[in-house]
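Here's the structure we're looking at; comments come further down.
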Amino acid sequence: TFPRIYINHALLLFDVQETPAELKFTAYDPNQPEAPAQLIFNKSRRTFLFPANDYWRGGELNVYEIYRAWNY
């Protein structure tokens with residue numbers, strides 16, 4: 001779809017917990033700053049899941065890395 005880019009939201013990931021089945025990322029969500037959000041990567045399906053909230057119905061979504069380090 002270039003030159004149209006459909007990135008409409010960003011999260012800041014700051015922690016991860018790994019289990020045999022998934023990676024659970026803890027994130028800062030600027031739309032809901034009062035509590036950390038959680039983003040889940042399902043290893044077997046190779047998909048990201050984001051729980052339902054005020055602005056998202058919940059389910060699978062595409063994730064793109066924007067920054068990796070403070071000096072990127």
Check: Which pairs with one or both residues in residues 15-31 pass salt bridge (charged side-chain N to carboxylate O under 4.0 Å, His left out), sequence neighbours excluded?
Finding: Glu18-Lys43, Glu22-Lys24

Margin query: Please report the interatomic distance CG(Leu11) to CZ(Phe50), rounded to the nearest 0.5 Å.
Written below: 5.0 Å

Next item on the list: Measure the shortest side-chain to side-chain distance between Asn31 and Asn53 over non-hydrogen atoms and say whether it is less than 4.5 angstrom.
Entry: no

Check: Is Leu13 close to Thr26 at the side-chain level, that is, under 4.5 Å between some pair of heavy atoms?
Finding: no

Notebook entry, point to check: Does the pair Phe25 and Gln17 meet the rule for a side chain to side chain contact (heavy atoms under 4.5 Å, CB included), with working shown?
Noted result: CA-CA 7 Å; Phe25 295 94; Gln17 302 281 321; over 6 Å; no

Next item on the list: Sort and list the pairs that fulfil salt bridge (charged side-chain N to carboxylate O under 4.0 Å, His left out) and have at least one residue in residues 44-57, not counting sequence neighbours.
Entry: Arg45-Glu60

Note to self: Would you say Val16 ends up clustered with Leu39 if hydrophobic residues are merged whenever their side chains have heavy atoms under 4.5 Å apart, either directly or through other cluster members?
What the structure shows: yes

Checklist line | Rounded distance [0.5 Å steps], CG in Leu49 versus CD in Gln38 | finding: 10.5 Å

Next item on the list: Indicate if Leu61 and Tyr55 have the same hydrophobic cluster label, given that clusters are the connected sets of ILVMFWY residues with side-chain heavy-atom separations under 4.5 angstrom.
Entry: yes

Checklist line | Heavy-atom closest contact (Ser44 atom, Asn42 atom, distance) | finding: OG-OD1, 2.9 Å

Next item on the list: Of all the heavy-atom pairs spanning Trp56 and Pro51, show the shortest one and how long it is.
Entry: CD1-O, 3.5 Å

Checklist line | Closest approach of Phe14 to Tyr28 (non-hydrogen atoms, all atoms of both residues) | finding: CE2-N, 3.6 Å

Item checked: Pairwise distance OG1(Thr47) to CZ(Phe41) - rounded to 0.5 angstrom -> 7.0 Å

Note to self: Please say yes or no: joined through hydrophobic side-chain contacts below 4.5 Å, possibly via intermediate residues, are Phe48 and Leu23 part of one cluster?
What the structure shows: yes

Next item on the list: Please report the closest heavy-atom contact between Pro30 and Ala10, naming both atoms and the distance.
Entry: CD-O, 3.4 Å

